[in-house]
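One structure below.
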Number of protein chains: 2
Amino acid sequence: MSAIEFRDHDHAACMRSTMQAAEAQCTARGLRLTPVRRRALEILLAEHRALGAYDLLAHLSAEGLGTQPPVAYRALDFLVKAGLAHKIEALNAYVGCVQPGADHAPAFLICRGCRSVAEAETTPSQSRLGDAARAAGFRIERSVVEAEGLCPACQKDDI
Amino acid sequence: MSAIEFRDHDHAACMRSTMQAAEAQCTARGLRLTPVRRRALEILLAEHRALGAYDLLAHLSAEGLGTQPPVAYRALDFLVKAGLAHKIEALNAYVGCVQPGADHAPAFLICRGCRSVAEAETTPSQSRLGDAARAAGFRIERSVVEAEGLCPACQKDDI
DNA sequence: TCAGTCATGTTATATCATATCAATACGAAA
DNA sequence: TTTCGTATTGATATGATATAACATGACTGA
């Protein structure tokens with residue numbers, strides 16, 4: 001686990017390779033990465049931050065790619081289902097996935113200062129929650145693991 | 001960990017003891033469990049299910065305890081801050097806490113069939129997410145751990 | 001080319017949540 | 001016990017998030 005999101009890195013290269021991986025995924029699985037969807041993903045990936053659906057819509061709208069909420073929600077729905085983006089439940093916002101294709105159960109570190117989001121891997125089945133689920137006879141289908149706090153940069157500013 | 005929420009139990013006694021514990025908490029900490037707040041908590045605890053703020057408002061309203069959204073949100077805000085209720089982020093809904101006072105970082109098992117919610121204990125600092133946070137220099141302040149799936153009863157109905 | 005499916009455009013509305021300000025109730029200190 | 005400050009409630013309005021529904025257009029394969 002690296003949390004590259006909180007660190008300086010060659011973000012242009014980071015975006016390029018992520019977009020390539022996303023395209024490869026779509027091709028391999030017969031999914032159509034249409035202009036709106038592609039642009040939506042680029043916008044989400046532009047920064048490692050969570051964007052609200054209406055923030056995304058504002059970007060798309062400024063580029064003439066649609067003006068009504070369903071435009072944004074459809075694009076997000078596609079990206080989330082395809083595993084190319086994730087919803088951050090604690091913020092009702094969305095973030096581009098930096099490991100598209102990895103069939104993962106991601107966990108997130110969310111900075112309340114700058115709204116940056118880092119993606120980590122978890123294995124819910126091995127967690128204590130997994131133990132609890134087994135003990136209760138509960139069948140887990142989806143898990144949400146999100147930690148809010150301060151990233152290294154924001155810790156310097158805030159106290 | 002017991003997940004009593006998914007099992008048959010003496011729910012009347014369960015509610016009584018939880019309410020008593022909640023009162024004790026409030027007394028000990030100088031918090032005011034006013035009629036609206038108390039009733040809101042009772043309504044949340046009536047079933048081990050997540051209730052939307054407007055669902056709660058409908059109940060309160062039917063009892064003449066307020067008709068406008070802020071009534072429900074204020075009561076929920078109080079209960080959540082006091083640790084007497086929890087917000088289920090994945091549902092934008094609220095559930096009464098069955099262990100009031102325990103200064104806990106709860107995790108939830110959420111049934112998508114009947115919307116029942118069971119509360120489990122986790123220790124985020126010991127999880128792999130905690131490892132990731134430490135490695136990244138991220139300071140966790142709050143964590144959201146929610147697993148959606150099917151409870152034992154609903155597994156029988158739904159495949 | 002035609003049918004079927006997927007995607008988009010558009011309007012309307014549902015659902016979740018908070019800002020604001022006025023009025024009232026409560027508790028502590030004088 | 002009066003007074004002051006704070007917490008709570010009442011009420012109106014609005015903001016923020018999300019989806020239903022239906023029409024139109026585009027691509028795909030028989």
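Throughout, protein chains are lettered first and strands after them, A, B, ... in sequence-line order, and every chain is numbered starting at 1.
Residue B/Val144 is found in a hydrophobic cluster whose other members, listed by chain and number, are A/Val144; membership requires side-chain heavy atoms under 4.5 Å apart, directly or through intermediates.
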At under 4.0 Å between heavy atoms, how does the protein contact nucleotides 15-30 of chain D? Give one character per nucleotide, 5' to 3', with B, S or -. --BBBBB-----S---
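Side-chain atoms of A/Gln20 and A/Arg16 include no donor-acceptor pair closer than 3.5 Å.
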Could you walk me through whether A/Val117 and A/Leu109 satisfy the side-chain contact (heavy atoms from CB on, under 4.5 Å) test, starting with their C-alpha distance in whole Å, then the side-chain angles of each, then the deciding distance to 0.1 Å, before giving a yes or no? CA-CA 6 Å; A/Val117 174; A/Leu109 300 174; over 6 Å; no
Would you sort out whether B/Ile110 and B/Arg115 count as a side-chain contact (heavy atoms from CB on, under 4.5 Å), showing the intermediate values? CA-CA 6 Å; B/Ile110 305 161; B/Arg115 229 180 170 183; 5.6 Å; no
So B/Glu141 and A/Glu148, side-chain contact (heavy atoms from CB on, under 4.5 Å) or not? Walk me through it. CA-CA 6 Å; B/Glu141 294 172 345; A/Glu148 286 182 271; 5.7 Å; no
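Counting all heavy atoms, side chain and backbone alike, A/Pro152 lies closest to B/Gly137 at CG-O, 3.5 Å.
At least one side-chain nitrogen or oxygen of B/Thr34 sits closer than 4.0 Å to the OP1 or OP2 atom of D/dT9.
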Acceptor/donor pairs from residues 78-93 of chain A side chains to any protein atom, 3.5 angstrom cut, sequence neighbours excluded:
{"residue": "A/Lys81", "atom": "NZ", "partner": "A/Asp77", "partner atom": "OD2", "Å": "3.2"}
{"residue": "A/His86", "atom": "NE2", "partner": "A/His104", "partner atom": "NE2", "Å": "3.3"}
{"residue": "A/His86", "atom": "NE2", "partner": "A/Glu119", "partner atom": "OE2", "Å": "3.2"}
{"residue": "A/Glu89", "atom": "OE2", "partner": "A/Arg142", "partner atom": "NH2", "Å": "3.3"}

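Rounded to whole angstrom, the span from the CG atom of B/Leu60 across to the P atom of D/dA11 amounts to 15 Å.
For the pair A/Val145/B/Leu129, a side-chain contact is recorded, criterion being any heavy-atom separation below 4.5 Å from C-beta on.
Using cut-offs of 30° and 60° on the angle between ring planes, the pair B/His48 and B/His11 is perpendicular.
With a heavy-atom cut-off of 4.0 Å to chain A, the contacted part of DNA chain C has its first and last nucleotide at C/dC6 to C/dT11.
With sequence neighbours excluded, the residues that form a side chain to side chain donor-acceptor pair (under 3.5 Å) with B/Glu23 are B/Arg38.
Axis angle across the helix from C/dT1-D/dA30 to C/dA30-D/dT1, with five pairs used at each end and values rounded to 10°: 30°.
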